[in-house]
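Down below is the structure, laid out as structure tokens.
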Amino acid sequence: MILNKIGNIIKQNKSFAVVSHIIPDGDAIGSTLGLYNFLSEIGKDVDVFNPDKLPSKFNFLPGFFDVKDTLVKRHYDCIFVLDCSDKDRLGHLVELLNMADVVINIDHHISNDLFADINYVDTNAGAVGEIIYNLIRINGFEISYNTAMCLYTSIVTDTGGFKYSNTTSMTLNIAGDLINTGIDFPEINRILFDTLTAQQVKLLSRVTSTLELYNNNSIAMLHVTKDMLEECGANENDASEMVNYARDIDTVEVGVFIKEVEKGKFRVSLRSKNKIDVRIIAEKFNGGGHIRAAGCTVYGDFDEVKNKVLNEIINHWK
Ligand SMILES: [Mn+2]
């Protein structure tokens with residue numbers, strides 16, 4: 001079993017790095033910090049990285065302020081890459097892969113290209129946090145309160161609060177075991193799902209007023225420009241969940257959110273309810289993700305980008 005083999009590597013080595021993907025989400029942050037806390041607690045020398053600045057809403061997680069975004073030249077016995085379907089997801093930290101004896105890739109994306117020395121891809125896992133939980137437990141270790149906070153965050157965010165179809169009975173069993181460590185999960189849920197800044201509420205009113213409906217009201221599009229962010233005093237991360245307002249409309253199957261990153265470059269988030277595999281649409285633009293949640297970067301002016309994405313969705317529908 002690969003998780004036992006990885007457990008032996010943990011037991012037999014001393015220095016580790018843990019890293020996840022650009023534009024980190026709750027799973028990337030929760031799973032890396034969960035593994036980071038666990039390895040630190042059992043006495044390992046661990047560095048934790050992310051190529052991008054972490055959204056501040058996750059700053060309640062133990063280890064949040066230890067996350068580095070730059071490399072210092074050194075050597076690790078082993079590097080863990082979490083929630084990354086390919087090494088490009090590491091952005092400027094891709095160099096880490098050359099700094100260790102062993103690179104271990106742990107993921108749940110079906111598109112994972114198995115880039116590492118050891119690859120463990122479980123597409124049935126709702127979140128990478130579930131796999132880290134299994135890795136710790138299968139190898140006979142305990143899960144601490146701090147590690148549980150991080151793994152719970154990973155799982156509850158990637159399953160949309162246990163609402164999405166990637167939630168399994170295993171997901172709920174794991175969450176139950178994590179809750180048994182005494183973590184304040186109602187408070188974690190409140191921070192993750194029911195907290196907005198004043199800037200975000202202002203931005204929400206601007207973003208929802210951009211609503212456009214297509215394909216018999218089954219596709220909804222929202223967008224945000226850099227100017228809108230600035231007018232509301234908001235930053236890029238403040239808009240990250242707003243795609244859900246497009247998806248949540250009763251007649252809608254696919255929700256689209258287009259965010260201007262810079263002139264001529266847009267980040268597109270896609271969400272679907274029951275029928276459309278949005279990962280396939282994202283992959284047409286060299287993006288990726290999951291069947292119900294995916295994303296990609298599309299170049300051109302706004303109308304061009306909008307029409308390209310819309311056409312791809314409608315083509316896929318046929
Ligand atoms: Mn994930």
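What you see is a predicted model, and the numbers here were worked out from it, not measured in a lab. In listed order, ligands and their atoms are each counted from 1.
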- [ ] Indicate if the distance from the Mn ion (ligand 1) to the nearest N, O or S atom of D25 falls below 2.8 Å.
- [x] no
- [ ] Apply the side chain to side chain contact (heavy atoms under 4.5 Å, CB included) test between L33 and each candidate in I132, L61, N50, N146; give the one that qualifies.
- [x] L61
TODO: Say whether, by atom type as modelled, one donor and one acceptor occur between the side chain of E304 and the main chain of D301 under 3.5 angstrom.
DONE: yes
Task: the Mn ion (ligand 1) contact by H290, N, O or S atom under 2.8 Å - done: no
- [ ] Angle at the Mn ion (ligand 1): provide the value between OD2 of D158 and OD2 of D27, rounding to 10 degrees.
- [x] 80°
Open item on the list: Just by distance, no angles: are the side chains of Y152 and N189 close enough, under 3.5 Å, to form a donor-acceptor pair?
Closed with: yes
Task: Atom of D83 closest to the Mn ion (ligand 1), considering N, O or S atoms - done: OD1
- [ ] Using atom types as modelled and distance alone, determine if a side-chain donor or acceptor of E212 lies under 3.5 Å from a backbone N or O of L222.
- [x] no
